[in-house]
Amino acid sequence: MAVILPLMLMLIFVYVFGGAISPSGAYLDYVVPGIVLTAAGFGAGSTAVGVSRDMTTGTINRLRTMPVPSATVLVGHTVASLGRNLLATVVVLLAAVVIGYRPSAGVLGWLGVFALLGLYILAITSVFAMLGLVARSPEAATGYGFGLLFLPYASSAFVPVETMPGWLRGFAEHQPITPVIESSRALLMGQSPGSDAVVAVLWCVGIIAVAAALTAYVFPRRVAR
Amino acid sequence: MTYTKSPVIELEAVGKRYGDAHVLRELDLRLPAGVHALLGPNGAGKTTIVNILTTLIRHDSGTVRVLGLDPATEAHAIRPRISVTGQFAAVDEVLTSHENLVMMGRLLGLSARAARARAQELLARFDLEEAGGRPVSTYSGGMKRRLDLAVSLIWPPEVLFLDEPTTGLDTRSRRVLWDQIRELAREGTTVFLTTQYLEEADELAEQIAVLDHGRIVAQGSAAHLKSLVGAEVLRVSNESGDVVRELPTDGSAGALARASAEVAATDPRLRVELHRPTLDDAFLKLTGHAATPERDDEQGAGDDRDATPARELSREFNGTGASR
């Protein structure tokens with residue numbers, strides 16, 4: 001599911017909307033980083049459900065009565081999400097190549113792309129893990145995360161922000177996903193991402209720091225009931 | 001198998017409340033090695049006690065010792081020596097039972113090879129070998145409970161806590177679990193189980209403590225608890241089956257003959273029956289209400305705290321039911 005969904009999304013955007021958005025056919029180059037980020041959101045969403053399930057069933061209590069740090073649950077879900085989403089990213093990129101995507105990044109460029117995507121996946125996963133912790137049930141956790149899944153649509157993931165109405169454009173330009181997308185796109189095209197990369201890294205690190213701090217506050221209170 | 005003089009579990013004047021609800025009040029309990037049952041209706045505070053003993057929650061007042069250690073401050077020293085099987089199976093539904101056991105074994109520090117070997121051993125012991133390769137989501141409730149107990153035994157504990165291990169299970173699964181619990185006891189593991197089934201306490205435990213409204217109201221062997229109710233009684237009923245009198249007897253032929261002569265003198269059509277006290281009678285006498293829950297909601301059995309208002313209701317309900 002973590003892999004099929006982004007593939008479907010890519011095919012829909014390229015073949016269904018692509019012609020209307022960019023009749024020249026260059027849309028594939030534009031949209032691939034956006035698909036990867038959207039997919040990471042979906043993939044990380046299941047972290048909220050998993051964390052919530054572990055918190056609301058006996059799992060967390062079992063771990064807490066074992067000589068094992070109970071935060072193992074959170075670390076496990078985060079690492080799993082990172083692995084799962086990086087795999088999905090690779091599959092999406094390979095599929096994109098099959099349908100004609102030709103990135104021109106060098107070795108450093110690719111390293112940069114994966115480092116940045118990894119950081120982004122960690123950031124969004126840490127937010128979802130925190131939501132899973134706060135939610136009273138796995139269903140509620142899914143609900144909380146729903147809003148986050150729409151963020152990529154209000155960014156430069158699928159269409160340039162210049163095409164959006166002013167009020168939305170302001171939001172789209174300054175939300176965390178746009179700099180991550182712009183940087184990834186530039187790196188994949190073999191260009192320098194410039195200041196976008198700095199902004200992207202700052203956003204991700206900032207989000208991770210805030211989510212981690214909230215988690216560190218909520219977790220002991222949540223498990224102690 | 002060593003029997004130490006010092007108690008394995010010790011609670012002294014332990015109190016715990018959630019907001020205004022006093023779940024435990026001045027609770028005293030001192031248990032040596034062996035198999036112990038904590039018997040009580042829903043909402044009596046059983047899970048709260050297990051949670052305190054297993055380092056999950058802190059008590060508000062009093063002294064608690066498990067293996068001579070304080071769960072509130074020495075949890076790290078207690079955890080390697082105990083295991084807990086809670087009311088909800090704490091197993092991963094996506095994984096197979098083999099994978100669950102290997103994962104927990106690895107978390108406990110076993111090597112990959114040792115964890116696999118231990119998993120295989122436990123699957124055989126709990127009659128799960130055939131299902132070992134299927135995801136746990138396809139298991140019945142009884143199979144999940146068995147797996148859950150198997151997970152608790154990856155690293156053999158000195159004290160095993162079982163919180164209502166067979167609530168909601170079919171008879172067959174219950175028997176399998178009972179056999180395994182007896183086996184553990186034979187091997188020298190101290191077992192502390194909570195139950196709302198008198199039969200379970202009677203079958204498994206050497207010592208039974210009866211918990212009601214956060215207090216221990218009686219403690220001893222099943223025989224001792226039964227003796228609290230008194231000796232056999234001659235139960236006299238009329239033709240429509242209503243009990244009209246109960247005559248205490250000591251069970252001897254002479255006493256029975258005298259008692260039945262007395263009954264026959266009032267009305268020769270009355271029926272008599274010798275009634276031995278059961279644990280049910282003992283429970284009824286000790287707590288003023290029946291132990292076996294009238295409304296056995298399996299999910300609701302989960303949280304002692306939430307059951308507080310319902311407890312009052314069920315007390316009333318049982319009270320009227322018992323007074324006939």
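Note that these values count all heavy atoms, side chains included, but never hydrogens, waters or copies made by symmetry. Per chain, numbering begins at 1; letters A, B, ... match sequence-line order.
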*Asks:* Is there any salt bridge (charged side-chain N to carboxylate O under 4.0 Å, His left out) pair reaching into residues 87-101 of chain B, and which pairs are they, with sequence neighbours excluded?
*Replies:* B:Glu93-B:Lys144
*Asks:* Just give me the residue among B:Ile82, B:Val94, B:Val151 that pairs up with chain A most often, heavy atom to heavy atom, under 4.5 Å.
*Replies:* B:Val151
*Asks:* Answer yes if the side chains of A:Arg64 and B:Thr54 hold a donor-acceptor pair under 3.5 Å, and no otherwise.
*Replies:* no
*Asks:* Looking at B:Gly109, B:Ser152, B:Pro71, B:Pro157, which makes the most heavy-atom pairs under 4.5 Å with chain A?
*Replies:* B:Ser152
*Asks:* Counting only non-hydrogen atoms closer than 4.5 Å, does A:Thr65 touch chain B with its backbone (N, CA, C, O), its side chain (CB onward), both, or neither?
*Replies:* both
*Asks:* Heavy-atom cut-off 4.5 Å, strictly under: side chain, backbone, both or neither for A:Leu63 against chain B?
*Replies:* side chain
*Asks:* Please say which of A:Val180, A:Asp196, A:Ile181, A:Ile121 ends up in a side chain to side chain contact (heavy atoms under 4.5 Å, CB included) with A:Leu116.
*Replies:* A:Val180
*Asks:* How about residues 66-82 of chain A versus chain B: which residues have heavy atoms under 4.5 Å apart?
*Replies:* A:Met66, A:Pro67, A:Val68, A:Thr72
*Asks:* Can you find a heavy atom in the side chain of A:Phe219 that is under 4.5 Å from one in the side chain of A:Met55?
*Replies:* yes
*Asks:* Can you sort out the partners of B:Tyr139 under ring-ring contact (aromatic ring centres under 6.0 Å, His included), two or more places apart, ordered by chain and number?
*Replies:* none
*Asks:* Just jot down the ring-ring contact (aromatic ring centres under 6.0 Å, His included) partners of B:Phe126, sequence neighbours excluded, or say none.
*Replies:* none
*Asks:* Strictly by modelled atom types, are B:Asp148 and B:Thr85 linked by a side-chain donor-acceptor pair under 3.5 Å?
*Replies:* no
*Asks:* Among A:Pro103, A:Ser184, A:Ser156, which one satisfies side chain to side chain contact (heavy atoms under 4.5 Å, CB included) with A:Pro33?
*Replies:* A:Ser184
